[in-house]
Each structure stands twice: as C-alpha cells, then as structure tokens.
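Before any comments, here is the structure.
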Amino acid sequence: MTAPVIEVRDLRKTYGTGDTAVHALRGLDLTVARGEYLAIMGASGSGKSTLLNILGCLDVPTSGNYLIDGIDTAEFGEAQLGLMRNRKIGFVFQSFNLIPRTSALANVELPLVYAGVRRAARRARALAALRLVGLADRAHHRPNELSGGQQQRVAIARALVTAPAIVLADEPTGNLDTRSSQDVMGILDQLNAGGRTVVLITHEDDVAAHADRVVRVVDGRIAQGVRA
C-alpha cells in the first residue's frame, strides 16, 4: 500500500506558558492519502489554521510528529523546511498575498526566483501556470487591475508554478463572489483530478462538498471524518 503523503501523529501546539498558555492543537492525528481531496472545517479558534500552517511548514509543532512522504519534518532545520515549502507545497491564501506593484507574471515567477530558476525558464513556466488558470492574457496586469477572482487565480498559478505534490488552500473563496468562487473551486477540482493532493480549509458547506473527505477540528482535535 502506498505510504500517505501527509501523516500527523499526536500533534500539539501551545502558544505561551503557564496560566496564559493557549493550546491550539491537543494531540491531533490525521492521515492524508496521496491524491486525496480533503476539506478541514471548524469554528474560529478551533485550531484548523494552526494545523494548516504546520502542514505547510510555516510553523512547527510543540510536540508530536508531522511526516511528508514518510519523512519526519522534526529532523529538518529552517533551510530544509524552506526547501520543502518551495518544492513540495503550494499555498493559496484567502487574502491572495500578491505583491501590489508587480505584474501577475512577476508574482507567479516569485517562487522560482527563490528556487534559483533562470529567468527564461521561470518566465516560460509562469506563463504556462497563468495559461492553466485562464489568465495568460492578463500576465502583465498588476493586482489592482484584476478582479478578486482573477487575483485568486493568479495566486493559484503561483502555487502551481513549482509543480508541488500538495496544494494547501486557506479559505480560498472567502473574499470572492459566487461566480468567482465557482471558478476557483473548478480549478482546484481539476488539480485534484490531475493527481495533486488538495487540502483546503473552509467554513462553507458548499465548498467542502467538493472534497472527497471532510474532517472537523474541535478544540484542537479531529472530531469526525465524513466521506462525501
């Protein structure tokens, strides 16, 4: 049987110490199969965003284990975590996180700049990623010249440009209207159909319905798993 792409064991995350300590994760266990489409739901403060940050190697647990492709990230230093973020994981954020004064193309190229890819190659790959999300004709537009839905599609192109095995999306439709939300979810659906593992956080039932499986985080633990 193929090893899971993501495996979390007894994950705990505590912020602060003593009486003021906040226990964001309290012994959470989670396994995500390669190519799975998973939605994570939970109330504000439940720990779901903390979990996603750890899955994305943006944060580290206080204790417990997080394995990617069977490798325990506890063995990684900051440089290795950075490589993991750049090469294996693509991020899509609710707030887009685009650089305002640069073009869509330059925004999509950015992960490849960090990866040391030469200019001609990264330009070609960034254009291909924009083409995949239907925005090749907006490559030279700045974010303020794009709609919210278009900005999120640029963000998805940026997440894809390094050809990551895992796409993590944090409330990807949270700032979008209904039509733009449908467009963005259609792209995520296509990515999963193409074999990528997709993990998204959402509070919207209709967005979660796109996933193969839904898990709910309550008080820092997985409360239940529901197959769609």
Side-chain angles (χ1 to χ4, degrees), residues 1-2 4-8 11 24-26 28-56 58 66 68 88-98 129 132-135 146-160 163-228:
M1 187 175 179
T2 304
V5 66
I6 289 173
E7 189 173 3
V8 169
L11 205 67
L25 299 177
R26 303 168 179 259
L28 185 147
D29 296 297
L30 179 67
T31 299
V32 182
R34 190 176 308 279
E36 188 173 7
Y37 197 164
L38 176 70
I40 299 173
M41 303 188 76
S44 177
S46 63
K48 62 185 187 300
S49 292
T50 298
L51 173 60
L52 197 73
N53 285 339
I54 291 174
L55 295 182
L58 295 171
Y66 170 36
I68 301 178
K88 280 191 174 288
I89 301 167
F91 297 93
V92 181
F93 300 99
Q94 178 179 352
S95 57
F96 316 142
N97 287 1
L98 300 178
L132 184 66
V133 300
L135 284 179
L146 302 172
S147 69
Q150 289 172 333
Q151 289 183 61
Q152 190 62 294
R153 284 153 65 191
V154 171
I156 293 174
R158 182 184 57 195
L160 298 178
I166 304 166
V167 175
L168 303 178
D170 190 359
E171 298 280 7
T173 63
N175 289 333
L176 303 180
D177 59 30
T178 300
R179 176 59 186 273
S180 296
S181 296
Q182 291 172 346
D183 290 344
V184 165
M185 292 310 302
I187 293 170
L188 292 177
D189 293 349
Q190 291 173 14
L191 294 176
N192 179 252
R196 283 189 174 89
T197 304
V198 176
V199 178
L200 66 89
I201 279 181
T202 183
H203 64 275
E204 301 175 66
D205 289 331
D206 58 337
V207 171
H210 287 254
D212 300 321
R213 181 164 61 110
V214 178
V215 297
R216 298 183 185 275
V217 180
V218 177
D219 295 332
R221 299 184 180 92
I222 298 296
Q224 64 181 7
V226 180
R227 282 279 172 186

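In this structure, the separation between CZ on R26 and CD1 on I222 is 14.5 Å, given to the nearest 0.5 Å. Remark: L52 CG to L168 CG distance equals 5.0 Å, nearest 0.5 Å. Between the NZ atom in K48 and the CG atom in L55 there is a gap of 13.5 Å [rounded to 0.5 Å]. Separation of atoms CD1 (I40) and CZ (R216) is listed at 12.0 Å; rounding is to 0.5 Å. Once rounded to the nearest 0.5 Å, the distance linking CD of Q182 with CG of D206 reads 8.5 Å.
Side-chain contact between N97 and R158 is present, with heavy atoms from C-beta onward closer than 4.5 Å. Two residues are said to be in side-chain contact when any heavy atoms from C-beta on lie closer than 4.5 Å; I68 and I89 meet this criterion. At least one side-chain heavy atom of L30 sits under 4.5 Å from a side-chain heavy atom of L51.
Residues meeting the salt bridge (Lys or Arg N to Asp or Glu O under 4.0 Å) test with D183, sequence neighbours left out: R179. Taking the ring pair (Phe, Tyr, Trp, His ring centres under 6.0 Å) definition, one finds that F93 meets it with F91, sequence neighbours left out. By the side chain to side chain donor-acceptor pair (under 3.5 Å) test, Y66 is found to be paired with no residue, residues two or more places apart in sequence or in another chain being considered. Residues satisfying the ring pair (Phe, Tyr, Trp, His ring centres under 6.0 Å) criterion with F96, sequence neighbours excluded, are absent altogether. Under the salt bridge (Lys or Arg N to Asp or Glu O under 4.0 Å) criterion, E171 pairs with no residue at all, not counting sequence neighbours.
With a 6.0 Å radius and a threshold of 12 heavy atoms from other residues, nucleotides or ligands, D219 has its CG atom at or below the threshold.
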Verdict with supporting geometry, E36 and T31, side chain to side chain contact (heavy atoms under 4.5 Å, CB included): CA-CA 10 Å; E36 188 173 7; T31 299; over 6 Å; no

Verdict with supporting geometry, V133 and V154, side chain to side chain contact (heavy atoms under 4.5 Å, CB included): CA-CA 8 Å; V133 300; V154 171; over 6 Å; no

Chi angles and distances behind the side chain to side chain contact (heavy atoms under 4.5 Å, CB included) call for D170, Q94: CA-CA 6 Å; D170 190 359; Q94 178 179 352; 5.5 Å; no

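Looking at I187, L98, L176 one by one, the single match for side-chain contact (heavy atoms from CB on, under 4.5 Å) with Q152 turns out to be L176. V167 pairs with exactly one of N192, I156, T197, L160 by the side-chain contact (heavy atoms from CB on, under 4.5 Å) rule, that one being L160. Partner of V207 under the side-chain contact (heavy atoms from CB on, under 4.5 Å) criterion, chosen from V184, L188, I201, T202: T202.
What you find for A43 and S46 is that their closest heavy atoms are O-OG, 2.8 Å. For S95 against N175, the heavy-atom pair with the smallest separation is CA-ND2, 3.9 Å. When all heavy atoms are compared, the tightest approach of V32 to R213 is CA-NH2, 4.2 Å. The nearest pair of heavy atoms linking P164 to A159 is CG-O, 3.2 Å. When all heavy atoms are compared, the tightest approach of T50 to A24 is OG1-CB, 3.8 Å. Of all heavy-atom pairs spanning R153 and L135, the tightest one is CB-CD1, 3.6 Å.
Within the structure, no pair that satisfies the salt bridge (Lys or Arg N to Asp or Glu O under 4.0 Å) test touches residues 193-205, not counting sequence neighbours.
Side chain of D212 to main chain of Y37: a donor-acceptor pair is present (N/O by atom type, distance under 3.5 Å, no hydrogens or angles).
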